[in-house]
Structures are given as C-alpha cells and as structure tokens.
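For the numbers below, each heavy atom of this structure counts, side chains included, while hydrogens, waters and symmetry mates do not. Order of the sequence lines sets the chain letters (A, B, ...), proteins ahead of strands, with each chain counted from 1.
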Amino acid sequence: MDLYEYQGKELFAHYGIPVSDGGLAATPEEARVAAEELGGQVVVKAQVLTGGRGKAGGIKLAEDASEAEARARDILGMDIRGHVVRKVWIEKASEIAKEYYLSLTFDRGEKKPLFMFTTQGGVDIEEVAAEHPEALVRLHVDPRVGFQPFHGRRLTQEGGVADAGEAKQIQALAGKLYGCFVGSDALLCEMNPLIVTPAGEVRALDSKFTVDDNALYKHPHIAEMRDLEAYPPEERAAREKGVTYVKLDGEVGILGNGAGLVMSTLDVIAIVGGRPANFCDLGGGGSAEGVVDALEVITADPQVQSIFFNIFGGITRCDEVARGILQALEQIDIAQSIVVRLDGTNAEEGRRMLQEAAPPNLHTEPTMLDAARRAVELAGETVEVA
Amino acid sequence: MDLYEYQGKELFAHYGIPVSDGGLAATPEEARVAAEELGGQVVVKAQVLTGGRGKAGGIKLAEDASEAEARARDILGMDIRGHVVRKVWIEKASEIAKEYYLSLTFDRGEKKPLFMFTTQGGVDIEEVAAEHPEALVRLHVDPRVGFQPFHGRRLTQEGGVADAGEAKQIQALAGKLYGCFVGSDALLCEMNPLIVTPAGEVRALDSKFTVDDNALYKHPHIAEMRDLEAYPPEERAAREKGVTYVKLDGEVGILGNGAGLVMSTLDVIAIVGGRPANFCDLGGGGSAEGVVDALEVITADPQVQSIFFNIFGGITRCDEVARGILQALEQIDIAQSIVVRLDGTNAEEGRRMLQEAAPPNLHTEPTMLDAARRAVELAGETVEVA
Amino acid sequence: MAILVDSETRLVVQGLTGSEGSFHGPRNKAYGTQVVAGVTPGKGGQEVDGIPVFDGVAEAVAETGANTSMIFVPARFAIDAIYEAVDAGIHTIACISEGLPAHEMLGAYWHVRGEGARMIGPNCPGALSPGKANVGIIPAEVFAEGSVGLVSRSGTLTYQIGHELAQRGLGNSTIVGIGGDPVVGSSFVDVLALFEADPETESVVMVGEIGGEEEEKAARYIEREMSKPVFAYIAGFTAPPGKTMGHAGAIISGSSGTAQAKKDALEACGVRVGTTPTEVAELVVAAAASG
Amino acid sequence: MAILVDSETRLVVQGLTGSEGSFHGPRNKAYGTQVVAGVTPGKGGQEVDGIPVFDGVAEAVAETGANTSMIFVPARFAIDAIYEAVDAGIHTIACISEGLPAHEMLGAYWHVRGEGARMIGPNCPGALSPGKANVGIIPAEVFAEGSVGLVSRSGTLTYQIGHELAQRGLGNSTIVGIGGDPVVGSSFVDVLALFEADPETESVVMVGEIGGEEEEKAARYIEREMSKPVFAYIAGFTAPPGKTMGHAGAIISGSSGTAQAKKDALEACGVRVGTTPTEVAELVVAAAASG
C-alpha cells in the first residue's frame, strides 16, 4: 500500500525523523486556513500516489495565505499522470542549501534491507544511479542484526558528507529511518530530497512510503490511511468484492485464476492479434459467487466485446467456476460472447455442466491458445497466426 | 546485580507478568500500615539476597494487620545465612492449588537463553533436576529469533500441563518473561513457585532476578535498586574505591591484579599451609592510588597478620604499584609485614624503587611460591612443603 | 531421486485440522505421499483420515520420524509454524500459507538457512515429484512422470505448462512452485542447483514473471553453473507498466524487470525462451527429439 | 604457523586514538606486528606513531588490506565496533574492551560465527604468537618462542604460567586469552581445536577457573578429539562458595563448577592438572623431557 506524502511524513515524524510543519486541505478555503496557521511562505503540494508532481505543476510556492488559496485552487482537480488531485498539503516553505537522497528499501534478491544515499539528491535518482553510480552509496543491513551506528557512519563517509554536524544528523536520521521501516513494516521509505537548510539542519522534504499489505493487520492506524477513492471506480468495485482487477485499453475481457496465468493469457491474446480489456484474477479460491462478481465488473466496461475465461484448476475447482458462470448468466444481462477454457481439478465436471446448460453466447475450447483465438475472433478482431 | 524479591516482582509486573499486590516495610509499624491497605490475610516475607528464607523462618502468614506487625517484628533484624533482614515485603496471601517452577537464564555454553519449567515447583529445584530430570523441561531460545509462540507451547506440552486455560496463561507468561529478560538485560529470572490458584489463575509468587552489571547504564531505574547496605561494610568501602574485595577467615591478606591470579594466590597460600584473610583484586589499572585504597581496606581487618602483594604486570605497571605501596606506607600506619612479588611490565623498575626505599616491614621475593611461603611464615603460621 | 520431495519424504502437516489442511493433507496421502502426522495445538490425539494429530511439531517428529513439513496455518501463525518446524529438526518446509508479512519472513528466511533447512514458499503451491510424492496443492493428475524439472513463481501457470508438456508426452522429475512473495525461502537459483545435481532430471523449464531480478540472476547462474539444458517462459509481455512509487526498486535490480528484459537476459545466457506456454513446451519437445 | 595471529596478520586497531589504543597499538607495532591501520570515526587522516587513522573499518580494509582487528573502544561502542569489523570483512577480531552487555554480545556472537569470522574476548588480553605478532595487551617479554600452546580465561594468571614455563626454558606457539565474560567469542574448545590443527604446537596448557562448565566441555573434547598432550591448571580451589541466587545456573551445567570438579573432569579425560602455576609448568617440562 502506497502512502501520500503527508501520510509518510506523519510516520516519519512519529519515529523522530525531522519534517516540516504543514496541514492538509481538500478545498482552497482549507488551504488558506492551513497557510494562515503556518504563517509566512508556504508550499502547496498536490497529494497524489505518483511521482513527477513538480514537473506537472503540482507543487507551488505561495507568499501568503491568499496566494496559497489561489494555488490550491489551481492544483486541486488537476490530473497528474491519471491521478486526480483531491488533496493538497500546505507546508511551511524551507530554505534549502543542499539536496540529498536517502532511501531504505527491501532488496528481495539479497533478502536484506538496503540503504541508498547520495548527496546528489532532488533530481531523478535513476539518472544518478545510471550516470554516476559511484555517487550512490548502497549499504545492506543484516535484518537479524538491525541497524548499528556504523551503518550511519558508512553512509555519510562513503557519500562524502564533509560537514561533521550534517553527518551526525544524517547518521541519527538513518537509524530512525530503519526503526520506521521495520516498525511500520514498510517495503520502501524514500526521501528525495533530504535537505540541509542554510542553518545546517537536516530534514526530509518529501516522502515515498510503501507499506506491506500483509502486515497492515498489525498497524490499524496505517491501514486506515488507505484512500479508496485514489483508485479508479471499477478497480475499487472489484477490490470490494475481493477480485484483483486492472482496467486496460482493449476489447477482450480476461478472467483467470492466478496472476501468472492471467498475465500469460494477456500475452497470448496479444500474440494472436487481440487487445486485452483488463487484467482480472479470481485468486486462489474461485467460488461461484466470486465468478459472478468478476463478470459483473468486466461486463460493466463498455469496451469489452468478448470475454475469455481461462481457468486451470488447482485449489480452484472447475465445477465451481462453471456454476458461477451459469449463475452469472442468469443474474446479469451479458451481451458479450464468453469463451471458456477449463482444465485441472474437476474440469470434466465443469465442462459437462456448461455443455448441458449450453447458453447461446458461451463457447468452450479445449486449449488456452484455441480459446484465445476464438475470443479475439468473437471480439471482431483479425486473428493472427501464432 | 541481584535484586530483592519485591524488586524483581516490580520488573515482572512492568512486563505484564501477574504478581500479587503488596507493600514494602522497614519497620513493624510500616508493616501494619501495608497490611491494613491490603486487607485480609497477608504474608510477611523477609527481603534478603539469599535463598532458604522459608526454612529460616523468614516467611510468615498473618491473619490481620496487627499480626502482620508482630510477624514483621520477629523477622526484621533476623540473620539469614549471614544476611540481616532490614526490609519485609507484605503481600496479599494467595490460595495455592498448584506450585510450578519457571526460569529463564543465560546458558553460557550454548550461548542462548534457556527456559526451564516443571510442574514440580515450590521445592528445591536442584533436587528435581537430579532426581526427576524428565520432569524438568529445558528449552533454548535462539537469541536472534527471540521468543516465538511455539516456545510457550513446548514448555506446557512437555511439562505436561493438562488444563488448557492454565497452559494458555503460562504460554503467554513465558513470552512476557522473555520480554522482561531481554528488556532488562537480565542474566536470570526465576519464579519458584509459579502458582495456580484454585480459581485457575497463574501468578509468580516469588522472584529471583539477576541483572547484568555491564548493562545497568541502560537501565538507570534498575541501577537505583542496588542496596549498598546489603554488603558487608568492608566490601562496601572497597567497592566505593573501585576495588573488588571479599573478606575471608584467615590471617594472610592478599592483594593481586586480575581475578585469576588472585584466586591462584589464595590457592597457593593454602597449599603452603596458610589461610587467606581476603580476596582483593586491584583490577586492570592498578594506579598508585588504587593500591593505597586497597591496602587501607585490607589492613582494617584486625585478623590480618601479614600481606602478600602478588603482581604480574600487563596493563598494570609494576613501578606504579611500587609507588602505591611506598605511598601507602607513608600515609597509613601499617603494622603488618608486607611480602611483595613483582613481575611483568616495568618489574625491574618497581623492584628497584622498593629496594631503594627499603621500608623495614617490606620484603620482596622473586617468585610467587617463595613469596607465599614468606607471607605465611610472617603471619606466624607453619609453612608446609608444597 | 527427484528433488525436495520423494519416497523418503515423511510429511507432517501443520494445520491439518483446518479447512485447507484437512482437504489437501489427505489428498497428498491418497497420492501416495507418506503423510505421517498432523499438528494443531490443542488437538493432539485426534485423527484426520487416519493421520494422527499432535500438539506440536517436536512431538510429531519424535513419534513419527517426520522430516518434511507442509504449512497450512493462517498467515498470522505461519511464521511461528516455520520456526517451530526448524526447531523440531524438519529439513524441508513447504509453506503454502499466504499473507505473511515480509519483514517477519526476512528473519525466518535467514534462520531457516542458518539452521541448514530448506524451505519453499510462502504463498506457493508446493512441490510434486510425479509417482513419488505430492506436498502441497498442485493437481497431480495434470503431470506425468519424466525427466523435465519445472520451477515456477506462479501456481496455475505452472499447471498450464506441465499440462502442455504432458500432452506432448513429456513428464516431470519434480515440479516446484517457489511462490511469488517478496521474500521466499528458495529462489530460482536454489532450485536450479538442486535440479542440476539430480540425476533424474535431464532438462529444466523455468517459469518466470515480470518484476524483480530473480530471472536475471538465474540466467547468470545457468550460464556459469549448469550443464543441463534450461528452457524458460516469462509471463507479462503485455502487462501495463506498474504504478510504482519511488525509484529504489528499479535501481537495486539494475534491470527494468520487464518480460522483454528477462527474456533478453536469459537468451544471452543460452536459455531458449518461449513466448507462450505452448511454444516453450514445443521447444522442450524439439530438444528432446533432437538430443 | 601459530594460531590466530602471526606474520600474515595485518592489524587494524579500532580506537587507536584513545588512551589505551594509542599505548598498545604502537607497542604491538614495536613488537613486530604489522599494525597497518587505526580507526576512529571523525579522526580519519590523522596518524598515531606512523599508523594511518581512518574513519571506518571498511575504508581501512580497502586502503591497507587489514585482516585482523583489535578493539579498544569504550564498552558502549564496542558492540558496534564488532559488527563494523565483521561487515568490513575482518576475519579475526580481538576485543580487548570490557564491560559489554551480555545480551548484546549474544547477538554479536552469533553474527560473527554466522559470517565465518573468529573472535576472542571481549574483556580479554588478546593473543600473542612469540616472535611473530602480538595483538593485545599481553606483555610479550614474559614469553619465549616455542611449541607450547597456552589458552586461558584469565589475563595475569596466563602471564604467570607463561613466565614459569619460560623460566624452565619452554616457549609458546601462541598465547590466547579468551576472556572471562559470560559470552565470549571463542571457547576453550574452539582454541584447543586450533592448537590441535597447528603443526607448530606440540602440547597445550589450559588455564581455567571456577564457575561455568567450559573446562568440563574442554575435557570431553580433549578426550575425544585431541592427539596432543594437554595440561591444565585451575584456579579457585580455596575460593569461598559464591552467594549465587536461584538455582538455574547450577542445573544448566550439571556441574558444581568448583575447581575440584573441574580437576576431576579433566583428569578423567587424561589431562594432567597442576595445583599451582609452578606445578603445571613442571608437568610440561617433565613430559617434554620424557617425550
């Protein structure tokens, strides 16, 4: 689960990491009130779950409260990379002498948390990594040992932080960041930039924060931060029903069990010349009810011309899926053709059920590739020879 | 550092381990007030840093506050294994259905914390270990993993706790005990007995608690629990001066650098027919000032007839020790003969200084064995041939 | 031989009395796996389909000689179950449970390794050595006995590929689902090493996905260490670019993590990559026919 | 050869600029030890007696090829220093610092082992291989070159015994002080194993003390694994019984921990035990003369 900048900073502050004062606003008026409370220059920052806000015009300086209100009016409602800005964070403006970069993330390959630090912050960090790899310090922490003071020293020594006071602050901050990372079950904590003020104070000026969904049950306070409205309405509807759904741009609705198989199904559709309309994973269970829910979501997309139902039963039982399909056809008015391919646990029984009911717009195919071709054909596309 | 029962229970309670209510009293009157506050039956328990209180009459039941006062009067001032009772713990009396034993300690050999648990508690646990080893569950915890719920289940399953409610309480208690052990840098946490009340509640009825001296700087609250008056006055005086001193029963005062060498010196004195008057370790430093302090403590013991100064210099410099001896002879009125043996760092210089000053009651010897013989001789003992 | 599970496997099912454990445990037993024990704290003394249930793994091991564990307990109890299995001396663990917090798995990962045990999962379908043992939820009827090792991050996609192989007359030595969580007990490289050492395995099919860099690492390992032919399939060529926050992930791997990047890396190391499950099966068939 | 420290040792002194480090570091160097670097955070660039000081151990290792570390930092920083040394790839650590919390040492102990490094101490005098290298605070002038390995829990008592040996014309391959803390990096058994494997060591003297059960463990190890003659001295026959609280300690060891119990255990395993430092030296001399 990704957090907004202001939410990440709230967690940073909770773990003793210095951040700037600020207030949240959903309307220009609230922005004005927040700016008044802070006093002086403020920065109005769009709160969206994507990067590149600055370039998109989502971050603006305001000299006073009324300017803050005006800037908030500009920013609220903006579309930044497909994310509509519904909230702004009004923050006391910072004087910036230096911009660094510090992150702590999960190195899945090494199975260790990984610090990354560079004094070349505030810019596109992937560029720094690619063009000046020597400027980017990478430091693993053994998770069974945890953070030790020497980790902090290595970061600043190898990063070339010359000023002793700055180095000490960053070392302490790195320790707190590790505490925050572990304490909140984070998968990523990033501050870009980590600034140094002209007075020599070190502070996190931005936050990117991802929390492990599997650990949210331990952190009800963080779980409550989830902003359901940040997701497209159809994904939201699917999520409420326990189905993983991502809308895409094509005509063939896809439904399968297991993320790998669904991804593979998308690929096969593309290879035979079609365009997938969505990614939809029933997950492990695949109850009849789940099938109905998923079909509801998929058929609500007006672009969908045909539906490819690709099931390989393991835990999922094909007879149960067949039951769901038949139930959905009764309950929902489905205009599109459905191509079904069933294999694995109880596949014969499932196929038999579908053949016996034989609804007019339902086609079964024996293989994934055949089914993909049929679905693309039914969507009115030309089938390419794969 | 060993804690009194009431101090250990205070830490237990802090970590969520159930204990009985109670109050501390240094006088019979305070005992009465504490008993009144608790109401009903109470137990008056001598607070001493040794075991065997019960057998020595240091634990008494009292029906009411005035009886508590009377029992406190009996117990306060008692001598239990050389420990004078200066405080009593007045505790609400417990109904006891079962007595178990639970401890968590440091297994130095395995380098892991070790739980021990038996349902045969309330008695001499070493006897249980010797006679019914199968009744004593031993369970190591990997310190890098820490306590896991299965540890608790293994304890109760292998200990044969039949009642599910009891088992659940003990499992939870074991987890809290682990937290207490690690959180307070303990070397030993023991509860004997761990009781089960007729109502099925599990509670620690006694505590033995040893905290790592090296970690006390992290726990100022525990460090403050140290009761200096619990130690004999001469040990206390030595401790204040940074010298490790233990009074023994013989005539030859012993002073050396390093616990191993001092122990060895005691042994050699005994082998040549003498009796050591004390154990006294100057420690690693061995400044002239420390030597003076140590000699002050040793010569304050009227039993001391001669003093054996056994130094092998490493970090300790022999010239510095010689300077301390000469300084002490000037500052303190020392009647006893002193036999000095110096070897190691700057030994020649040290020996030269002593020979030049040549105080009348000071003798130097070239070897440890010779020096031991001379010291015993000077103490008026017969020297045996070793 | 085969790897991980075989006729020497003596399986204890942690969570045997739960809804999934009580379904798959007996199913594994019916397949011929030696399912010798179940564990559910507080239910010791019961039986499930003739399998005795114990209160703890240590007791189950002592009483039945179990050497392998399959974990089916709810996520919140699964980490404890892993530690309990290792503590009891279990040498192979298949953690089917999903939803384990990644930070807790980090600790468990290093502990399992440190104690010399081996684990697959969490959130994995288990391992199946056709004709010998099935530990987990893989539908055994899809697969045939044979000499193709199969290792995959994905569950159902594995079945698809095994199915395509079986339809072409090829069978498997062992099918291993390593799971798709951020921290899994065994990586592609770990399992490839086992297949390389297994005399019964003649070739290997690796089934990867977009994301991470495990396929790239496997590619380098295959080039450096493996003598047996390896084929691969990667899913996700048409997956939309993820809406990831921050940049640390991409920097770590030094790889874009796309299916194309993985395919390129594998091919550069001599691995033949199919673009559909059908194609990869055909590649294996062709190689078997020509070799 | 010798063990732990020798002419291959390239020493970095953690805490070189402190009062003890700046005394013993140069002293070790003067003895002939290759003291290649010092580390004190914030003092990188300085020199102590010609030894360059770095801000961190990793940097020191990169610049000087240090492979061994001696730790002289205050207790509160010593655990961090141990982790830093291991992280930097140091393979042998002598922690002279004393006063380290036992619980923190537990974690460090397992980490050092897990990473394949070796540590002696904390709270130990270090190791001396006469004529080759001195790492620590052992007064080298007391000891001669020779073939007797010496391992001890105690500092000054070790010097006493080495002195008695030297006076009788015997020298040492290596003298190792393992330290007397509850948790030390290397036990008697660990060091005995090194001596057994060292071609230069012909016999070993082990110097123990009352308390614990390490001497008893060593006795069993010697009987089972060692071909070289081992002699022992135990201090504390006349020590007053400790005022220990609780009983868990005695139960763990299954031993009274007294000097007599240790002597009995050692003798039962074929180790000759002297009752004074002089006697143990004479036993070694007699054995050397007769062998």
Which bit of [X] is near chain B, if near means a heavy-atom gap under 4.5 Å: side chain, backbone, both or neither?
X      : value
D:R27  : side chain
D:S154 : side chain
D:L100 : backbone
D:A75  : neither
D:Y159 : both
D:H24  : side chain
D:I161 : neither
D:F23  : neither

How many angstroms lie between atom [atom1] of [X] and atom [atom2] of [Y], to the nearest 0.5 angstrom?
X      : Y      : atom1 : atom2 : value
B:I271 : D:E279 : CD1   : CD    : 7.5 Å
B:R108 : D:K217 : CZ    : NZ    : 12.0 Å
B:L248 : D:T238 : CG    : OG1   : 8.0 Å
D:T158 : B:F312 : OG1   : CZ    : 10.0 Å

Which one wins on heavy-atom pair count under 4.5 Å against chain D: [options]?
options                        : value
B:R144, B:K111, B:M263         : B:K111
B:S264, B:P143, B:A215, B:G256 : B:S264
B:G313, B:A372, B:P276         : B:G313
B:D213, B:D267, B:L261, B:T265 : B:D267
B:L187, B:D206, B:N214         : B:N214

What do the steps show when you test B:K112 against D:W110 for side chain to side chain contact (heavy atoms under 4.5 Å, CB included), and what is the final call? CA-CA 10 Å; B:K112 289 177 180 173; D:W110 290 105; 3.7 Å; yes

Can you name the ring pair (Phe, Tyr, Trp, His ring centres under 6.0 Å) partners of D:F231, sequence neighbours left out? none

What residues form a ring pair (Phe, Tyr, Trp, His ring centres under 6.0 Å) with B:H219, not counting sequence neighbours?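 Ring pair (Phe, Tyr, Trp, His ring centres under 6.0 Å) list for B:H219, sorted by chain: empty.
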
Strictly less than 4.5 Å between heavy atoms, which residues of residues 182-191 of chain D line up against chain B? Please order them by number. D:P182, D:V183, D:V184

To check you understand the geometry: which heavy-atom pair defines the closest contact between B:G258 and D:T156, and what is its length? CA-OG1, 3.6 Å

Take D:R76 and B:K218 through the test side chain to side chain contact (heavy atoms under 4.5 Å, CB included) and record every step on the way to the result. CA-CA 10 Å; D:R76 292 182 198 194; B:K218 294 192 276 178; over 6 Å; no

Candidate pair B:T367 and D:Q160, rule side chain to side chain contact (heavy atoms under 4.5 Å, CB included), full reasoning: CA-CA 10 Å; B:T367 74; D:Q160 177 67 36; over 6 Å; no

Give a yes or no answer on whether the side chain of D:H163 reaches the backbone of B:D343 with a donor-acceptor pair at less than 3.5 Å.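 No, because the side chain of D:H163 does not come within donor-acceptor range (under 3.5 Å) of the backbone of B:D343.
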
Under the rule for salt bridge (Lys or Arg N to Asp or Glu O under 4.0 Å), what residues qualify as partners of B:E365, not counting sequence neighbours?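 Per chain and number, B:E365 pairs via salt bridge (Lys or Arg N to Asp or Glu O under 4.0 Å) with B:R374.
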
Just checking D:F77: does its CZ atom have more than 12 heavy atoms from other residues, nucleotides or ligands closer to it than 6.0 angstrom? no

In terms of heavy-atom contacts, does CD of B:E348 have more than 12 from other residues, nucleotides or ligands at under 6.0 Å?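 Open: at most 12 neighbouring heavy atoms sit under 6.0 Å from CD of B:E348.
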
Do B:L369 and D:P277 make a side-chain contact, defined as non-hydrogen atoms from C-beta onward lying under 4.5 Å apart?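 B:L369 does not reach D:P277 side chain to side chain.
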
